[in-house]
Protein chains: 2
Amino acid sequence: MSRWEPDARGRLERAALELYLERGFERTSVAEIAERAGLTERTFFRHYTDKREVLFAGSSALQELLVDTVARAPGPATPMEAVAAALQAAAAVLQERREHARRRHAVITANAELQERELIKLAALAAGLADALRQRGVDDASASLAAEAGIAVFKVAFRRWTEQAGEKDLSEFIGESFAGLKAVTAGT
Amino acid sequence: MSRWEPDARGRLERAALELYLERGFERTSVAEIAERAGLTERTFFRHYTDKREVLFAGSSALQELLVDTVARAPGPATPMEAVAAALQAAAAVLQERREHARRRHAVITANAELQERELIKLAALAAGLADALRQRGVDDASASLAAEAGIAVFKVAFRRWTEQAGEKDLSEFIGESFAGLKAVTAGT
DNA sequence: TACCCGATGACAGTCACTGACATCAGCTGC
DNA sequence: GCAGCTGATGTCAGTGACTGTCATCGGGTA
């Protein structure tokens with residue numbers, strides 16, 4: 001048997017989410033998270049750069065999924081089609097873990113600092129999408145615009161998904177939002 | 001004559017921008033800003049909620065300008081036309097103070113925490129735009145999408161404006177970006 | 001003249017985050 | 001099977017952002 005309990009990161013992430021739900025982000029100290037995970041505060045900061053980051057561990061995997069999906073989109077796909085495919089792929093992942101996604105999102109919407117972190121993660125996703133589009137030969141400005149517009153669609157769709165009373169899939173909200181964006185930009 | 005030097009906020013804002021430019025955001029302490037402004041650290045925090053906020057004092061004025069411009073757009077204007085008018089109004093203000101805008105932006109792009117704050121301010125602008133559109137009778141989803149898309153256009157245009165070698169006006173970049181968005185969303 | 005108010009200062013405290021050094025189970029080379 | 005290295009963790013002493021509380025006092029007000 002090994003010297004320490006396994007999966008320190010997993011324990012920290014679960015402890016953090018639990019505590020943020022129980023008492024709120026601000027009223028939870030890093031020492032408390034570490035204690036619940038059976039570790040020390042110092043070790044927390046070896047795994048996560050700050051108190052917020054522990055909620056965003058999965059975002060790099062999402063980023064890879066988006067970028068890969070754009071890269072693998074069929075050759076003739078337009079930039080927005082490639083972005084749409086990427087967002088649908090991401091939606092499928094989130095739909096699978098919808099309870100976790102909603103709990104996490106509830107914590108984030110309750111705290112401005114966490115919203116800031118979420119926004120910069122979304123900006124990073126946009127930058128990754130834009131890069132992937134450029135790799136496909138899309139010109140610089142169009143790549144940025146398609147990526148930013150795609151993230152805008154995602155933000156709106158995700159919010160509607162979490163606020164709905166029913167159980168409609170995230171992918172449907174994304175489809176509707178893309179259609180809505182098309183309609184609204186047509187009238188300029 | 002009054003008991004204290006006037007314009008404490010202005011002195012703090014100028015001192016902060018200077019120091020952030022001279023030594024970087026992270027390597028500047030609030031005590032140093034306050035000292036250069038002839039005040040104490042405690043007083044700094046009476047004027048600004050945190051060390052970042054001192055760079056964003058003007059954002060509420062920008063928000064009011066955007067919201068007012070949408071509210072006053074001609075009745076038959078489409079949502080995107082109203083948003084475009086608002087962004088052009090904001091662009092004119094930034095163009096006027098372009099040296100200040102660029103210095104400030106240089107500080108922000110050099111630091112992730114400041115970028116986070118900028119993003120949440122932009123998100124607030126989007127929320128304000130969306131509200132103003134709803135007041136005009138635009139349906140909920142379209143209002144959010146037009147607002148978010150408008151902010152996406154603004155982000156791209158602003159970045160191109162600051163990165164350009166020449167002296168082209170921000171309003172031109174915004175016009176081009178709106179056209180680019182229209183082109184890119186048409187191909188879905 | 002007495003009083004209040006609002007902007008500031010003084011000071012102590014909490015907590016996020018960092019740097020430096022210590023510990024020690026398990027693997028590696030011999 | 002032993003010496004030594006490694007990597008994840010612990011310990012401890014900071015620094016600096018931010019907060020609560022009380023004191024100060026020039027200027028306006030009754």
Side-chain angles (χ1 to χ4, degrees), chain A residues 1-57 107-108 110-118 120-121, chain B residues 1-57 107-108 110-118 120-121:
Chain A
M1 59 182 284
S2 66
R3 183 172 178 188
W4 296 284
E5 292 298 308
D7 194 22
R9 289 178 68 96
R11 274 148 53 212
L12 285 169
E13 282 165 32
R14 286 187 291 277
L17 182 56
E18 283 170 25
L19 283 164
Y20 293 168
L21 281 165
E22 286 170 20
R23 353 215 307 217
F25 174 79
E26 286 177 13
R27 288 149 52 76
T28 302
S29 76
V30 174
E32 289 167 338
I33 298 168
E35 188 187 355
R36 183 169 295 199
L39 294 163
T40 49
E41 188 182 350
R42 191 67 184 86
T43 296
F44 177 97
F45 286 110
R46 287 201 180 92
H47 287 280
Y48 301 99
T49 58
D50 60 47
K51 190 183 165 187
R52 291 175 259 173
E53 196 64 18
V54 67
L55 278 181
F56 296 88
V107 171
I108 291 172
N111 180 272
E113 287 181 65
L114 291 172
Q115 289 169 45
E116 291 186 343
R117 180 57 50 88
E118 170 134 289
I120 208 167
K121 295 292 183 185
Chain B
M1 57 183 288
S2 66
R3 184 172 176 189
W4 296 284
E5 292 298 308
D7 195 22
R9 290 177 69 94
R11 274 149 53 213
L12 286 170
E13 282 165 32
R14 284 187 293 275
L17 182 56
E18 283 170 24
L19 284 164
Y20 293 167
L21 281 166
E22 286 170 20
R23 350 212 316 212
F25 174 79
E26 286 178 12
R27 290 150 50 78
T28 301
S29 76
V30 174
E32 289 166 339
I33 298 168
E35 188 188 355
R36 183 170 295 199
L39 294 164
T40 50
E41 188 181 351
R42 189 68 185 87
T43 297
F44 177 97
F45 286 110
R46 287 202 180 91
H47 287 280
Y48 301 99
T49 58
D50 61 47
K51 191 185 164 186
R52 291 175 257 173
E53 196 64 17
V54 67
L55 278 181
F56 296 86
V107 171
I108 291 171
N111 180 271
E113 288 181 65
L114 292 172
Q115 290 168 42
E116 290 186 343
R117 180 58 49 87
E118 171 135 290
I120 208 167
K121 295 293 183 184

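By convention in this document, chain letters (A, B, ...) are assigned in the order of the sequence lines, proteins followed by strands, and residues within each chain are numbered from 1.
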Practice item. Using atom CD of Glu41(B) as one end and atom C1' of dT15(D) as the other, report the distance to the nearest whole Å. Key: 12 Å
Check your understanding: Which nucleotide in the list dA16(C), dG10(D), dG9(C) gets nearest to the side chain of Arg46(B)?
Key -> dG9(C)
Review point. When the distance from NZ of Lys51(A) to C1' of dA16(C) is rounded to whole Å, what number comes out?
Key: 8 Å
Practice item. Take the protein atom CZ of Phe44(A) and the nucleotide atom P of dC15(C), then report the distance between them rounded to whole Å. Key: 15 Å
Review point. If you check the Asp50(A) side chain, which of dC17(C), dC11(C), dG10(D) turns out closest?
Key: dC17(C)
Exercise for review: Please determine if Arg23(A) and Glu32(A) form a salt bridge, counting it only when a charged side-chain N lies under 4.0 Å from a carboxylate O.
Suggested key: yes
Practice item. Pull out every residue in residues 4-40 of chain B that has a heavy atom closer than 4.0 Å to any atom of DNA chain D, ordered by number, or say none. Key: Thr28(B), Ser29(B), Val30(B)
Review point. Would the number of heavy atoms belonging to other residues, nucleotides or ligands and lying under 6.0 Å from CD of Glu18(B) be above 12?
Key: yes
Review point. Phosphate oxygens OP1/OP2 of dT8(C): is one of them under 4.0 Å from a side-chain N or O of His47(B)?
Key: yes
Revision key, fill the gap. To the nearest angstrom, the CZ-C1' distance between Phe45(B) and dC15(C) comes to 13 Å
Review point. dA16(C), dT8(C), dG20(D): which one has an atom nearest the side-chain heavy atoms of Arg42(B)?
Key: dG20(D)
Check your understanding: Salt-bridged, Lys121(A) to Glu53(A), with N to O below 4.0 Å?
Key -> yes
Point to revise | Passing option when Leu19(B) is tested against Arg36(B), Arg14(B), Glu35(B) for side chain to side chain contact (heavy atoms under 4.5 Å, CB included) | key: Arg36(B)
Practice item. Considering only NZ, NE, NH1 and NH2 on the basic side and carboxylate oxygens on the acidic side, decide whether Arg11(B) and Glu5(B) come within less than 4.0 Å. Key: no
Practice item. For residues Leu12(A) and Ala34(A), report the shortest heavy-atom separation together with the two atoms involved. Key: CD2-CA, 4.2 Å
